[in-house]
Every structure is written in C-alpha cells, then in structure tokens.
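What you see is a predicted model; the values in this text were computed from it and never measured.
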Amino acid sequence: MRLLLDAHQLGRRQTGNETYVRELLRGLRDAPGLEVVAAVEGRNPEAGLLAPPIRRRRVPANGLGRLAALAVAAHVTQADLLHAVYFLPALVGRPTVVTIHDISFERHPEFFGRRALLRDRLLIRDAARRATRIVTVSERSRQDLAELWGVAEERVDVIHNGVDEVFRPDPSPPPSGSLDPLRVLAVGTLQPRKNLGRLLDAVAMVARERRVSLRIVGPDGYQAAAIRARAGERADVEIVGYVDRDALAAEYRAAHVLAYPSLYEGFGLPVVEAMASGIPVVTSTGGSLPEIAGDAALVVDALDTAAIADALRRLADDPGLRDGLRQRGLRRAGDFRWATAVERHLETYRRALA
C-alpha cells in the first residue's frame, strides 16, 4: 500500500493537530507493507522524522489550508490512498481518509473569525461528504458529525490520540500538605474557546486566600491580544508562549495542577499529557473532555468560575485527593497509546481500500 499523507501541519506550532501528524508519521514509518509519501511545506524542522523510508513531497506554504488542499493533488497519482487532515483536494481519483478532529466551529461559531468560519464550514463539510472514510478522535466528535452534518456513523472511525513517552512523572515524591504557593498550569492555544478569561478570574479568587501562580503555555490564536492584555495586569500570571515537546514536559512536572476548563474540545490532549506526567487535572464538561478524563480528573461546569476556583482550592488543601487523582490519572493515561492509534489507522486504511 502506498499512502500519501497530508503532513502540512508539521512545523506550524499547531499544538494538538501537529502532534497528531507527527506521531502518526513516527508510527507508520516502520509499518510492514506500507510506503508513506508525506506532503509537507518547503521548510520543515522535522527532517529526522521525514528521513527514509518516508518519502517527502513539498507543497507551498499555507497552500493546503487556504486552497482546500489543492497543492497535494499533484502527488495523488503516486499513491493508492490519500489521508488528509480536514481538507481534501478536488478530483482526487483515489480512496480517501480524512481526519476531522472536531467541528467546534459549528457548536461555537462565536469563537472563530469570520474568514476561518466560512472556510471551515465550506471545505471541511465538503471533505466529510466526499471522503471514503472519516477518522475522528472521540465519540463526542463522531456524534457531532452525525447530528450536525448527517454523516453516517458507520463511515466514521473513532481513534483516540495517544500520549508521548516524554510525558512522565517527576521521580521525586509529590508534595504533601497544603500547597502554598499553588502552581497552576494551563496549556493550549490562546483563544476564547480555551476559557482562559474565567480561569484568570478563578485564580484571582483563589489568590484572596493563598499565594498562587498561573503559567499559560501555548501559541497565540484568535483574539490572543485580549487574553494577553488581561494576563498582563496580574503579577501572578505568566504567558510563556509556544514551547517544544521537551520543554512542555518540564512545565507539567513543575506544576501542581493542570487547569483545562475549555468550553469545547474534540479530544483535549493536555489532559492526558498532564495525567501521564503525574499531576492532577481540573477540566470541564466541554465537548469530549468528560469522555477523555473519565474518573481521573475533577470535571466542572466550564461556565462556572466559582466551581473552577473551588476545584483548585480542593486540590491545594487535600493531599489525599491529589494523590488519588494522580494514581487514577497515570492509569487513565496508559489507555491512550500512539502505537494503538497507528494500528487503528492501518485498519481504517484497509477499510477505505476495500
């Protein structure tokens, strides 16, 4: 089987989407009976990942997202199957798999710019209609595709993301007693959907009673300037920006808790990365997050600032709760393996060719 994989997101600092493509390529490179051709942008920092046996084909910068993946069409004739992410080129002439992580822009259009919203509604819906098979990353996303776009659920394969082995617990004993100061970490693109405004307010509520710090790690996204302006007013908040995988692993190990009260997620990779790193998680009811977290996190109403603050207080004051979540989180993170995800993708490829 010769696979053409849309890998244009490599090097774009697109957090979870880029991680997905990177780990898929890493797992597919040694799959027996599979030849992988990766369509990447001209300058790409993942040179080691794209070394033989992976074959590289260049596409123009931003070509896939802005032009509905037209740039990849020139390479389709070299493949038996095309696997694209969100966008499909026109007139493929081959079986296709498309990964649609979520359609959060349909649930919450207010969190997207007008141009991006129009593009996604047109092009991603077209890809969902034309693809031979669809991969998504949670049952919640599969239900959204069915409820909002009428996609037949039997065409959709749910394949959970994995967690990289670089995310592991600090070998030193976890802190005991009440935590003062409390070190809170938030991970994700700076955009309204991540609910960082309510998190800032929740941290301010906790700060009335104890010392607390909040570090926000992630690249700028839609309306990031407003979030930066609010955070800049606070001495106990630091926006770190984008960091690479090793630095992110260090951020998790240095934190006491991950706060991830997103308003909507198709998966929520930071939740399982934090669990694998041995720190407790506060997350929300947004989209797939209860599905991914299971019983290994404190799950609160994303719209309830007081509930977010109360969850942080409970973790600061209750070492038994922290330890219980830590143990359950480590077990839960073990359920999400990239090797399993790669095997599931190979099954999807075979279904598409059949």
For this output row, return yes or no: ring centroids of [X] and [Y] closer than 6.0 angstrom.
X: H345; Y: Y20; answer: yes
X: Y222; Y: F111; answer: no
X: F267; Y: F336; answer: yes

Would you indicate whether R245, at its atom CZ, is surrounded by more than 12 heavy atoms from other residues, nucleotides or ligands within a distance under 6.0 Å?
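Yes, enclosed.
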Decide if atom CZ of R337 counts as having more than 12 heavy atoms of other residues, nucleotides or ligands within a radius under 6.0 Å.
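Check fails, neighbour count at 12 or below.
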Given side chain to side chain donor-acceptor pair (under 3.5 Å), test D180 with S178 step by step and report yes or no.
CA-CA 6 Å; D180 187 1; S178 183; over 6 Å; no
Among L145, D120, T136, find the one that has a side chain to side chain contact (heavy atoms under 4.5 Å, CB included) with I103.
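Of L145, D120, T136, side chain to side chain contact (heavy atoms under 4.5 Å, CB included) with I103 is met by L145 alone.
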Is the F105 ring parallel, tilted or perpendicular to the W149 ring (thresholds 30°, 60°)?
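Judged by the thresholds at 30° and 60°, the geometry between F105 and W149 is tilted.
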Could you verify whether a donor N or O on one side chain and an acceptor N or O on the other, from [X] and [Y], lie under 3.5 Å apart?
X: T348; Y: D157; value: yes
X: E165; Y: W338; value: no
X: E291; Y: S288; value: no

So which atom in [X] and which in [Y] form the shortest heavy-atom distance, rounded to 0.1 Å?
X: A307; Y: V300; answer: O-CG1, 3.8 Å
X: D144; Y: R107; answer: OD1-NH2, 2.8 Å
X: R332; Y: I292; answer: NE-O, 2.9 Å

Hey, does the side chain of R155 reach the backbone of I134 with a donor-acceptor pair shorter than 3.5 angstrom?
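Flag not set: sc R155 to bb I134 has no pair under 3.5 Å.
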